[in-house]
Amino acid sequence: MTLQETLELHVKAGIKALFQSELESVEFQATRKEFAGDITVVVFPMLRVVKGNPAVIGEQVGQYLLDQVELVKGFNVVKGFLNIEISDSYYLEFFQSIKDKTNYGYVDQKDDKAVMVEYSSPNTNKPLHLGHVRNVLLGYSVAEILKASGKKVYKTQIINDRGIHICKSMLAYQKFGNNETPTQEFKGDKLVGNYYVKFDQEYKAEIADLIASGKTEEEAKKNAPILLEAQEMLRNWEAGDNDVVALWKKMNQWVYDGFEVTYKNIGVDFDTYYYESDTYLLGKEFVAEGLKTGVFFKKEDGSVWCDLTEDGLDEKIVLRSDGTAVYMTQDIGTAIQRIKDYPDVGGMVYTVGNEQDYHFKVLFLILKKLGFDWAKNLFHLSYGMVDLPSGKMKSREGTVVDADDLIKEMADTAEDISKDLGKLDDYDEAEKQELYKTIGLGALKYYILKVDPKKRILFDPKESIDFQGNTGPFIQYTYARIQSILRKADSNSYQFDTKDVMLHDKEKQLIKQLELFPEIIQNAAEQHSPALIANYTYDLVKEFNSFYQNVSILGADTEIEKSFRVELSKLVSQTIKNAFQVLGIQVPERM
RNA sequence: GGUCGCAUAGCUCAGCUGGAUAGAGCACCUGCCUUCUAAGCAGGCGGUCCUAGGUUCGAAUCCUAGUGCGAUCACCA
């Protein structure tokens, strides 16, 4: 039972004994630091049941608690706030109970139903950029948070491997590629991306020519020869033309190989992959099924629609008049395919930008109408765009921040700062490079994950990302500092009895902060919000640094105090590690 | 135009299901390295919580209307 639950019972009992009234619930909050006390009961809500002056009621309840409850050491009432002082022994015993848990904050798997978390889901015609980085970090972290909260999780993505945009880079490669192939230095996704840009350049040039020869802009855009060729190629692909399919497979594989390098660099992984080229047919089957059961209807031209006007939305097309699949068709197929493949999945999380809010609203509704009971457990993890000072990123125009470049730059910055500080002179070069990457990535990941997913991020490459204050490196630094103490302390030999410890105020604050962690994990899981974890960790670390600067750990007056402080520091570092683990951020032993 | 999201210090952001005098970091200004890592600590400066109403003992938080920014409303994905 938590402290709050214990106190709640006693407050209720007190109200009953003092006023013969039943209290539904008790409102608690942390005591503000300018007042004495550890936890505060808000008296105002009790006035609904108990009539009287809140200050007087607070006084009476406080006295009752002091008399009846062992762990209550004192109290004071300010206006309608009853501040309760808790005895040190409570915190010490609590600390004793968690100090050796290396998985502190995590819950063992307690749910039979699994959650499938989709993220990344790139097109296969260009490299990953900053926008994908936000997606990937969010999705990965939410998956890890869900795991830590006791859920079974499958990480997956849907690869958008078919369509006209793929044909564009294929065509440009055919025309201008000279059988170029990817190399170690020049990854396949970059190569294919270049041809996607090349296509766009040619297309624009042809449009200009056509306009010059007297065509309207609209005609020119529709009839540019290279576009017609691309459309031809798409038809050939759908018809299964051997050469086109072979080229498609080859180029897609280049891209996949390139992506894998980037994912590995970022430090994310997937349990299973889905390809739209595999799932759109299943989607079509279920559209036919829904047509029979009346979920969908057919218009005169043969296109198939879902009427959502009763739900406050519009009609939505699910199949074109020529019978080909649209985006929605594929997504219906993909969702159903996943449940077929993994029957233990009871819900899914889609990590996709907020420009698709409407699409997912519709998708979830359609799946419900099709009668799938798991459809009620679908969640669109929607996040805001990452914008540059110059505006939106556009792959075709080359105004993107490339994911690989970005990671490299972050590591370089970490290297510059590290060299200035010069603390690592005895590390060999490989160790140093590894560390720079850990710190650089830590900075990037924390920067992105600490903000509410719903908010847009304005990313200024020139301003770059901070390494001080509320940042990843600040937290990593604190971790490394604790490790340094632990190395010197040889903590295995330390023994102490909590009864012998006099709790310093900074120590108590730290234990209080540690106490919150399991609940933070659960909240973060419910709200799909890594930001909660990031901000919690920052608060914990700030609290520790204050302790560290004000209290000597290895130089404590007594062996008991020293042992206790070492153990406390150890648990703080373990908690930092556990928190950062679910954010996908590594912690260094030194820095 | 309909719908959805966002709006808090010069900048970047916290602020949980309403609770005490709205909190951090960056930037700027003071102090603190011969004792555990100064990527740190202690302190200062800085706010009409977009506006106007409403609900309430109490509103940055809830409701309504409006303003600004963004997204979306395709036989694109």
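Protein chains get the first letters and strands the later ones, always in sequence-line order, with residue 1 at the start of each.
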Would you tell me if any nitrogen or oxygen in the side chain of A:R481 comes within less than 4.0 Å of OP1 or OP2 on B:A39?
no
I need the CG-C1' distance between A:D387 and B:G70, as an integer number of Å.
8 Å
Base, sugar-phosphate, or nothing: which does A:F474 touch, judged by heavy atoms less than 4.0 Å apart?
sugar-phosphate
Please determine whether any donor N or O and acceptor N or O are separated by less than 3.5 Å between the side chain of A:D420 and the base of B:A39.
no
Quantified in whole Å, what is the P atom distance between nucleotide B:G44 and nucleotide B:G5?
39 Å
Give me the distance, rounded to whole Å, that separates B:U55 from B:C45 when you measure between the C1' atoms they each carry.
38 Å
Between B:C36 atom C1' and A:K570 atom NZ, what is the distance in whole Å?
17 Å
Look at all strands and tell whether A:S569 reaches a base, only sugar-phosphate, or nothing, counting heavy atoms closer than 4.0 Å.
nothing
Nucleotide B:C32, atom P - distance to CG of A:N550 in whole Å
16 Å
How would you label the contact of A:Y327 with the nucleic acid (heavy atoms, under 4.0 Å): base, sugar-phosphate, or nothing?
base
Need one value for A:Q330: base, sugar-phosphate or nothing, where a base atom within 4.0 Å counts as base even if backbone is also close, heavy atoms only.
sugar-phosphate
Where the side chain of A:V326 is concerned, which of B:A20, B:C36, B:A77 is the nearest nucleotide?
B:A77
What nucleic acid atoms does A:L458 come within less than 4.0 Å of, heavy atoms only: base, sugar-phosphate, or nothing?
nothing
Taking only residues two or more places apart in sequence or in another chain, which ones pass ring pair (Phe, Tyr, Trp, His ring centres under 6.0 Å) with A:Y280?
none
What integer distance in Å separates A:R320:CZ from B:A77:C1'?
10 Å
From B:C73, B:C36, B:A39, nucleotide with atom closest to A:I485 side chain:
B:C36
Going by the rule side-chain contact (heavy atoms from CB on, under 4.5 Å), which residues pair with A:A531 if we only count those two or more places apart in sequence or in a different chain?
A:S529, A:N535
Hey, does A:Q356 reach any base, or is it just sugar-phosphate, or nothing, if we go heavy atoms under 4.0 Å?
base
Any base atoms under 4.0 Å from A:E276, or only sugar-phosphate, or nothing? Heavy atoms, all strands.
sugar-phosphate
State whether the side chain of A:E507 and the backbone N or O of A:H504 hold a donor-acceptor pair below 3.5 Å, judged by distance alone.
yes
Consider the side chain of A:Y477, meaning its heavy atoms from C-beta on, and name the nucleotide among B:U37, B:A20, B:G15 that approaches it most closely.
B:U37
Mind checking A:V551 for me? I need base, sugar-phosphate or nothing, with any heavy atom below 4.0 Å counting as a touch.
base
Which residues pass the side-chain hydrogen bond (donor to acceptor under 3.5 Å, both in side chains) test with A:E85, not counting sequence neighbours?
none
How would you label the contact of A:N160 with the nucleic acid (heavy atoms, under 4.0 Å): base, sugar-phosphate, or nothing?
sugar-phosphate
Hits for side-chain contact (heavy atoms from CB on, under 4.5 Å) against A:L516, two or more places apart or cross-chain, chain-then-number order -> A:Q513, A:I520, A:Y536
Check nucleotides 5-11 of chain B against the protein and report each pair of N or O atoms closer than 3.5 Å, with its distance, or say if there are none.
{"unit_1": "B:A7", "atom_1": "OP1", "unit_2": "A:K455", "atom_2": "NZ", "d": "3.2"}

Check every strand shown and say whether A:K423 touches a base, only sugar-phosphate, or nothing at a heavy-atom separation below 4.0 Å.
base
Taking OP1 and OP2 of B:G23, is either one under 4.0 Å from a side-chain nitrogen or oxygen of A:R32?
yes
So what does A:R48 touch, heavy atoms closer than 4.0 Å: a base, only the sugar-phosphate, or nothing?
base
Any sub-3.5 Å donor-acceptor pair from A:Y427's side-chain atoms to A:Q433's backbone N or O?
no
Taking 4.0 Å as the cut-off, does a side-chain nitrogen or oxygen of A:R487 come that near to OP1 or OP2 on B:C36?
no
What residues form a salt bridge (charged side-chain N to carboxylate O under 4.0 Å, His left out) with A:E315, not counting sequence neighbours?
A:K299
If you assign each of A:P45 and A:A480 to its closest nucleotide in RNA chain B, which residue comes earlier from the 5' end?
A:P45
B:A39, B:A20, B:A74: which one has an atom nearest the side-chain heavy atoms of A:F81?
B:A20
Selected nucleotide, minimal atom distance to A:S546 side chain, candidates B:A39, B:C36, B:A42
B:A42
Which dot-bracket string describes RNA chain B (Watson-Crick N1-N3 plus N6-O4 or O6-N4, or G-U N1-O2 and O6-N3, all under 3.5 Å; [ ] crossing; | other strand)?
(((((((..((((.....[...)))).(((((.......))))).....(((((..]....))))))))))))....
Rounded to whole angstroms, how far apart are CG on A:D331 and P on B:A77?
11 Å
Suppose we screen for ring pair (Phe, Tyr, Trp, His ring centres under 6.0 Å). Which residues come up paired with A:F547, at least two apart in sequence or across chains?
A:F544
Going by atom types alone, do A:D466 and A:T471 pair a side-chain donor with an acceptor below 3.5 Å?
no
May I ask you to say what A:M591 touches in the nucleic acid, namely base, sugar-phosphate or nothing, with a heavy-atom cut-off under 4.0 Å?
base
Under 3.5 Å, is there a donor-acceptor pair between the side chain of A:S573 and the main chain of A:K570?
yes
Please enumerate all protein N or O atoms sitting under 3.5 Å from an N or O of nucleotides 24-30 of chain B, with distances to 0.1 Å.
{"unit_1": "B:A24", "atom_1": "O2'", "unit_2": "A:Y538", "atom_2": "OH", "d": "2.8"}
{"unit_1": "B:A24", "atom_1": "O2'", "unit_2": "A:K542", "atom_2": "NZ", "d": "3.4"}
{"unit_1": "B:G25", "atom_1": "O2'", "unit_2": "A:N470", "atom_2": "N", "d": "3.2"}

Is the positively charged end of A:R481 above the ring of A:Y548, judged by distance under 6.0 angstrom from the centroid and angle within 45° of the axis?
yes
Of the candidates B:A14, B:A39, B:U21, the side chain of A:K79 sits closest to B:U21
Not counting sequence neighbours, which residues clear side-chain hydrogen bond (donor to acceptor under 3.5 Å, both in side chains) with A:K419? List them please.
A:E415
Measure CG/A:D314 against C1'/B:U3 and give the value in whole Å, please.
9 Å
Whole angstrom value for the distance that separates C1' of B:U37 from CD of A:Q476:
15 Å
Pairwise 5' ranking along RNA chain B for A:K506 and A:T40, keeping only the more 5' one:
A:T40
Residues forming a ring pair (Phe, Tyr, Trp, His ring centres under 6.0 Å) with A:Y538, sequence neighbours excluded
A:F474
In whole angstrom, give the distance that lies between atom CG of A:N545 and atom P of B:C33.
18 Å
Name all pairs fulfilling the side chain to side chain donor-acceptor pair (under 3.5 Å) condition that reach into residues 440-457 of chain A, sequence neighbours left out, sorted by first residue then second.
A:D387-A:R456, A:Y446-A:N470
